[in-house]
Trainee: 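Handing you a structure now.
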Amino acid sequence: MAEDVGTRTRPRAKTPRAPLPERAKTDDSLRAERLDTDGALKGDVASAERDADDVVDQAREVADAVLNEARSKADRESLRTPPAEAAAVDAERAEADHVVRVERAAADGALDRDRKEQADTLATLLVHERAATDAYLLTERDRADDAVAHRDDFLGMVAHDVRNLLNGVVLNLALLRPGDGAPEPQVTAAADRIRRYVARMNRLIDDLVDVTSIDAGKLAMVPVEGDVAALVTEATDTFQPAAREKGVSLSAAVPAGPLLAPFDHDRLLQVFANLIANAIKFTPSGGHIAVGVEALRGLIRFGVTDTGEGIPAPMLEAIFERFWQAGKNDRRGMGLGLYISKSIVDAHHGRIWAESELGQGTRVYFTLPVSGAPTPVSKGRSPVRGHARPARRGKGTADRRRRR
């Protein structure tokens, strides 16, 4: 069968990835270590040469002192030597001194040449070794980039296919209804569980795709002027059913008037989904969660406060790292929600942080700059690049974006 050239799959051109800040830090650290090594090596060589010169000078001084003492003793013992013989002795001594000086100068010159040759050999060796190290490092990075690119492509294809399958599951689930009368309670409960499982799988897929976008510096972001107070109310209303099911009260404190700021509605709703879902997860029944927003000088600050178990002080920064868990045996999520939230806040040129005391709950705050205000960035991370994307709106977005 002839091959259809028009439909042949062509290899996709490699898309250059954004430079990673970790690599820049590695390069800076490597350069600094090499400079330190060069300085320490030069210092060691110079010290060794000084010590060697001191030994040679001391040996020569001892030899000269012994020779001078021997000559003085010979002169005292030959006071009655005729003048002609004394003159001949002086001439021999002068000739011997000249020969010694010439030999010492030649020895010094040879030593200097040996030292220069050794220094040149060492420098050449270091250059070749470092060039080889750099070549190995670049090769490893190229292979790592290729592997990551293949991983991202594979993840994108799998995410698309799995979403289609999950949508098929939900659609077919709606068709599984008895012909007459209401469905049996166990059937309704099973259908509800299936829907929850599908929603959790969709959220997990969203998390993995977002992490890939963050790593590639392509986290989609479209800030639009909007009312953040209405956003807080929307996020709180979305999670009221989940809070009631857990036996936790959830309230929002928003100002009477609108608070305007440029932000990506869906992405910021995703941040609230992560923070509120975490608060519900770690707050025991009978506890309380409060969501608030207030305008400060040049920025707007949001806060989610719970009465849960709290976080140890050394962990307050680590919770925003990828795959962080409350404990090594914790299976309540992948540990991506707060990492993604931090990346979203950074992309808005804001800052996010946590305050907590064990047994007294946790407070997570994040800020957004208003127009014309300074743009602080969360400690330890540069902003994620924003790329244009179609606005995503619609009922249930916050629930779909709920994070662990």
Trainee: Is any side-chain N of the basic residue among D108 and R113 closer than 4.0 Å to the acidic one's carboxylate O?
Mentor: no
Trainee: Quick check against the 3.5 Å criterion: does K73 have a side-chain atom that pairs as donor or acceptor with the backbone of N68?
Mentor: no
Trainee: Please evaluate residues L30 and D134 with respect to the criterion side chain to side chain contact (heavy atoms under 4.5 Å, CB included), reporting the C-alpha separation (whole Å), side-chain torsions for both, the decisive distance (0.1 Å), and the verdict.
Mentor: CA-CA 10 Å; L30 184 59; D134 292 340; 4.0 Å; yes
Trainee: What I'd like to find out is whether the side chain of T133 reaches to under 4.5 Å of the side chain of R34, using heavy atoms alone.
Mentor: yes
Trainee: Could you tell me whether the side chain of L166 reaches within less than 4.5 Å of the side chain of I205, counting heavy atoms only?
Mentor: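 Side-chain contact under 4.5 Å: yes.
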Trainee: Can you confirm whether R143 is buried at CZ, in the sense that more than 12 heavy atoms of other residues, nucleotides or ligands lie under 6.0 Å from that atom?
Mentor: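 Open: at most 12 neighbouring heavy atoms sit under 6.0 Å from CZ of R143.
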Trainee: Between S29 and K25, is there a donor-acceptor pair closer than 3.5 Å when you use the side chain of the first and the backbone of the second?
Mentor: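 Checking the backbone N and O of K25 against the side chain of S29, no donor-acceptor pair under 3.5 Å is found.
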Trainee: Taking atom types as modelled and ignoring hydrogens, do the side chains of T307 and H288 form a donor-acceptor contact shorter than 3.5 angstrom?
Mentor: no
Trainee: To the nearest 0.5 angstrom, please state how far the CG atom of L358 sits from the CE atom of M315.
Mentor: 11.0 Å
Trainee: Apply side chain to side chain contact (heavy atoms under 4.5 Å, CB included) to L268 and L368, showing your working.
Mentor: CA-CA 10 Å; L268 217 58; L368 290 183; 3.4 Å; yes
Trainee: Test side chain to side chain contact (heavy atoms under 4.5 Å, CB included) on L137 and R141 and set out the steps.
Mentor: CA-CA 6 Å; L137 181 60; R141 286 181 174 179; 4.0 Å; yes
Trainee: Which pair of non-hydrogen atoms, one from T367 and one from R301, has the smallest distance, and what is that distance?
Mentor: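 That closest heavy-atom pairing would be CG2-CG, 3.9 Å.
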Trainee: Show the nearest heavy-atom pair for residues R104 and R60, with the distance to one decimal.
Mentor: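 Scanning both residues completely, I find the closest heavy atoms to be O-NH2, 3.5 Å.
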Trainee: Using a strict 4.0 Å threshold on nitrogen-to-oxygen distance, state whether D54 and R50 make a salt bridge.
Mentor: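 Looking at R50 together with D54, the answer is no, because their closest N to O distance does not fall below 4.0 Å.
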Trainee: I'd like to know if D27 and R31 make a salt bridge, using a cut-off of under 4.0 Å between side-chain N and carboxylate O.
Mentor: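 Answer for the salt bridge query: no.
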Trainee: Considering all heavy atoms of both residues, which atom of G310 and which atom of S356 are nearest to each other, and what is their separation?
Mentor: CA-OG, 3.2 Å
Trainee: Are R267 and Q270 close enough, and set up right, to give a side-chain hydrogen bond (donor to acceptor under 3.5 Å, both in side chains), and what steps lead you there?
Mentor: CA-CA 5 Å; R267 288 297 187 186; Q270 183 178 349; 2.9 Å; yes
Trainee: Quick one: are L299 and V370 in side-chain contact, heavy atoms under 4.5 Å?
Mentor: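 Not in contact.
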Trainee: What closest approach, in Å, do R93 and A74 show between heavy atoms, and which atom pair accounts for it?
Mentor: NH2-CB, 4.0 Å
Trainee: Once ring-ring contact (aromatic ring centres under 6.0 Å, His included) is applied, do any residues pair with Y365, and if so which ones, sequence neighbours excluded?
Mentor: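 If we apply the ring-ring contact (aromatic ring centres under 6.0 Å, His included) test to Y365, skipping adjacent residues, the hits are W353.
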Trainee: Could you go step by step and tell me if E234 and H265 meet the side chain to side chain contact (heavy atoms under 4.5 Å, CB included) rule?
Mentor: CA-CA 11 Å; E234 178 184 355; H265 176 275; 2.9 Å; yes
Trainee: Write down the atom of H348, the atom of D264, and the distance for their closest heavy-atom approach.
Mentor: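 Distance-wise, the nearest heavy atoms are NE2-N, 3.0 Å.
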Trainee: For the side chain of S47 and the backbone of G43, is there at least one donor-acceptor N/O pair under 3.5 Å apart?
Mentor: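 Answer holds: no.
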Trainee: Is there a side-chain contact between F239 and L250, using heavy atoms and a 4.5 Å cut-off?
Mentor: yes
Trainee: Roughly how far, to the nearest 0.5 Å, is CD1 of I311 from CD of E317?
Mentor: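 Between atom CD of E317 and atom CD1 of I311 there are 12.0 Å.
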Trainee: About how many Å separate CD1 of I344 and CD1 of I352, when rounded to the nearest 0.5 Å?
Mentor: 9.5 Å
Trainee: Can you tell me how far the CG atom of L122 sits from the NZ atom of K42, to the nearest 0.5 Å?
Mentor: 11.0 Å
Trainee: Hey, is D38 close enough to R130 for a salt bridge, meaning N to O under 4.0 Å?
Mentor: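 Counted as a salt bridge, because a side-chain N and a carboxylate O are separated by less than 4.0 Å.
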Trainee: Which distance, rounded to the nearest 0.5 Å, do you find between the OG1 of T233 and the CG of D227?
Mentor: 8.0 Å
Trainee: Tell me which one of I280, D306, V291, V364 satisfies side-chain contact (heavy atoms from CB on, under 4.5 Å) with L275.
Mentor: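 Answer after filtering I280, D306, V291, V364: V364.
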Trainee: CD/Q360 to CD/E309 distance, rounded to the nearest 0.5 angstrom?
Mentor: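 Answer rounded to 0.5 Å: 13.5 Å.
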Trainee: Starting from the C-alpha separation in whole Å, work towards a yes-or-no answer on ring-ring contact (aromatic ring centres under 6.0 Å, His included) for F302 and F272.
Mentor: CA-CA 9 Å; F302 304 87; F272 274 113; 5.5 Å; yes
Trainee: Can you give me the closest heavy-atom contact between I300 and L260, atom names plus distance?
Mentor: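 The pair with the smallest heavy-atom distance is CD1-O, 4.0 Å.
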Trainee: Given the rule in the salt bridge (charged side-chain N to carboxylate O under 4.0 Å, His left out) test, do D64 and R71 qualify, once you have shown the distances and angles that lead to the verdict?
Mentor: CA-CA 10 Å; D64 291 341; R71 287 178 176 179; over 6 Å; no
